[in-house]
J.: 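First the structure, which I've put down as structure tokens, then a few questions once you've had a look.
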Amino acid sequence: MKFSNLIAAVTCILTWALLMSTSLVAQRVSKLRLEQSTDLQNWQVVPVTPEMIDANGELILAANSTQAFYRLGIPELQVLQIPIFTSQPTSSTAIEEEESATLSVNVTGEGLSYQWYYGETGKTSQPISGATSSSYITGPLMDNAIYWVRVQNAAGSKDSDTFSVIINRPPTITDQPTSQTITSGSTATMTVVANGTAPFTYQWYRGNVGSTTNPVGTDSAAFTTPPLTATTRYWVKVSNELGFTSSSLCTITVGAQTDSGFAPNEISGLTLTMTGSQTDEWGEFSWTETWEAENNGLKTGTIIGYVTTLYNGSDSSTYEYEVSYDYEKSSDNVGEISYTSRDADNESWQGVLILTFDSDIGGSYQDNGTSGSENEPYTYSGRFMLVRPPPSITTQPTSQLIASGSTATINVEARGAAPLTYQWYEGAVGTTTTPVGTNSSSYTTPILTEATSYWVRVSNISGEIASSLGLITILTTPTDMALIPAGNFTMGDSLDGSSDASPVTVNVSAFLMGKNEVTKALWDEVRTWGASNGYTDLAVGVGKAANHPVQTISWWDVVKWCNARSEKEGLTPVYTVSGAVMRTGTTAPVANWNANGYRLPTEAEWEKAARGGLSGKRFPWGDTISHSQANYYAFSEYSYDLSGAVNNYHPTYAAGGYPYTAPVGSFAANGYGLHDMAGNVFEWCWDWYGASTYVNGVTDPRGAASGTDRVCRGSNWYDNASYCRVADRRSDDPTDPFDDIGFRVARSSVP
């Protein structure tokens, strides 16, 4: 019989035998051997040699007078064990905001497969695409996150512990200590709730905020006063290794409720009633004044009122009375009101009212005003009424666009009489069935995979108000692109004497960036489609292989190719000429930044993406470079070139003639998941080369309106390490194709 058929038959028998034995379900055959016997009792191993197999694959049995029997033997079975964790990441990893964290596990076993997930261990609703190895590098994180990994083989699966990634943050106070009223001889307990990176330290003080001459209490979030017989104020300083913050003032009032903590910016309505008497050349008279004003919480304003003066209780007239109000409360509770009054004869009365507060918000007023040649003092007595305003929202929550599997932080800014309380809700405004968050003006969502809306209710003693809706929309990021988050970053640097990249702070909106440089294979695919759809003058381009970056293409070729790819994939092209889609020619196009098609990144976008969330570094990964990180020409002149001793091209890729490019993605990605942001080939950007991009405080800079050269970024296989710096700039004629210039695509992050 054929030996292959014999093996198949025995394998079937063996499989049946294994299935019949529950103890062997997780076992596998490790060896097979051929055995021979003449009496079915005494078996011995027969080595199978080439001479025993004929030309047809038949097993040649021994030719002798003795009957021989043959069978396949199984000398040993090896048990396949389920995975066993030998090490796991630390349960908590602390990183800085916008940094990435690396999580890894060590597992013993055979035939292992891995899948990482967001969330707590056992929850499989949020698998991480592509995270299928023993280690996982997160993207840049803005908020705390948790992960776990499932490892399995044919014998079973094991789940790791839950790994927490904590963002290092200085302390912030989410719940302030609250003022209280107690009876004389009683104590009061105040508490504070802080957020940030633990552990916290607490130091309580007696006195006004900032005064540290009277420390009290212990290192605790709560403090109980000694028995008090007089009104006393306290505050607390909360610290961690990253900084500190001070609480608001907490007043413990002994006796009746008072308003000794009066703050001028809490005034929304003011009523002053003044009475007095005077004797002058007309005789004795008395008068009453009432001032009413609305200054909406401002410290300055104009009070318009009316004064009725009674002469000897009979002769009366009504006069217009104007008061210029400029109030600033000083440390000794004294304020001033300057005023000018005019009577019917247009005589002016000028002076300053000196206001002294007492604990029940009463006051006395002295006036140094004069009339004519008289200089007699007036004495005023009266009271004012403090109205505490209800909350009003000055900055509403903003809608955001985030990548699936990310979190979002939404904020609200409100004013009104303190203390303000906040309650966040998920759902439409007014829907309170799903309360979320804590008593804070900001709320960080859980990891989201679908669009979700939130709003907040702000309350105080005088009322409440609902915010507008903040909608968190989920952007589905294509697998070949990465979402670059919106935000400020420092563009340029002052390292190594760079002359045309002085550091400025610019703001860049969220956008998508290609993870790799465009390959020759992708260029050819789109170019072939374009040739039949109006794109008739695209360059052939050059690439050392299909998976190497395309090069020898001009800036004009690239923008037209971007339009072709957009149309090919059913997206809206970005570049137009006279309102028509740009398909041919070299007329400077207009860019529709709101279109969802492919385009070149701006210079600011390119640098933000290249930095990968890091700040102030030479390269996308840090301050030194080597051939293990990028494809460039090593040169010993630069101390930060760790491969400088090579003094040559990259040894792996300097073969096969120019250009010495590497396959895209040959080196590790930066913090945003982008490869080859230093070296390999320069990359075309949108901007005309010039200084207009480098303007501090600009949002989405897009370069000069015109010029002669376009910007290239990222260096290449030919240049040394200094050109690989993230802030380095190069300009080239947009009509010139070179074998060291390629490109990568970007897209605006529109749904």
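None of the values given here were measured: they were computed from a predicted structure.
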J.: With no hydrogens and no angle check, do the side chains of Thr225 and Thr187 hold a donor and an acceptor under 3.5 Å apart?
T.: no

J.: Kindly write out the residues that satisfy side chain to side chain donor-acceptor pair (under 3.5 Å) with Arg150, not counting sequence neighbours, or none if the list is empty.
T.: Asp159

J.: Just jot down the side chain to side chain donor-acceptor pair (under 3.5 Å) partners of Asp700, sequence neighbours excluded, or say none.
T.: Ser509

J.: Are the side chain of Asn670 and the backbone N or O of Ala610 linked by a donor-acceptor pair below 3.5 Å?
T.: yes

J.: Report the residues that fulfil side chain to side chain donor-acceptor pair (under 3.5 Å) with Gln115, sequence neighbours left out, ordered by chain and then residue number.
T.: none

J.: Fit a plane to each ring of Tyr117 and Trp148, take the angle between them on a 0 to 90° scale, and name the class: parallel (under 30°), tilted (30 to 60°) or perpendicular (over 60°).
T.: parallel

J.: Can Thr253 and Thr181 be counted as having a side-chain donor-acceptor contact under 3.5 angstrom?
T.: no

J.: Mind listing the closest non-hydrogen atom pair of Val508 and Lys608 along with its distance?
T.: CB-CD, 3.8 Å

J.: Going from OG1 on Thr505 to CG on Asn488, what distance comes out if it is rounded to the nearest 0.5 angstrom?
T.: 6.5 Å

J.: For Tyr118, what residues pass the ring pair (Phe, Tyr, Trp, His ring centres under 6.0 Å) criterion, not counting sequence neighbours?
T.: Tyr147

J.: What pairs with Phe619 under ring pair (Phe, Tyr, Trp, His ring centres under 6.0 Å), at least two apart in sequence or on another chain?
T.: Trp621, Tyr640

J.: Applying ring pair (Phe, Tyr, Trp, His ring centres under 6.0 Å), name anything that partners Tyr205, two or more places apart in sequence or on another chain.
T.: Trp235

J.: Say you draw a straight line from OH of Tyr425 to OG1 of Thr433; how long is it, rounded to the nearest 0.5 Å?
T.: 10.0 Å

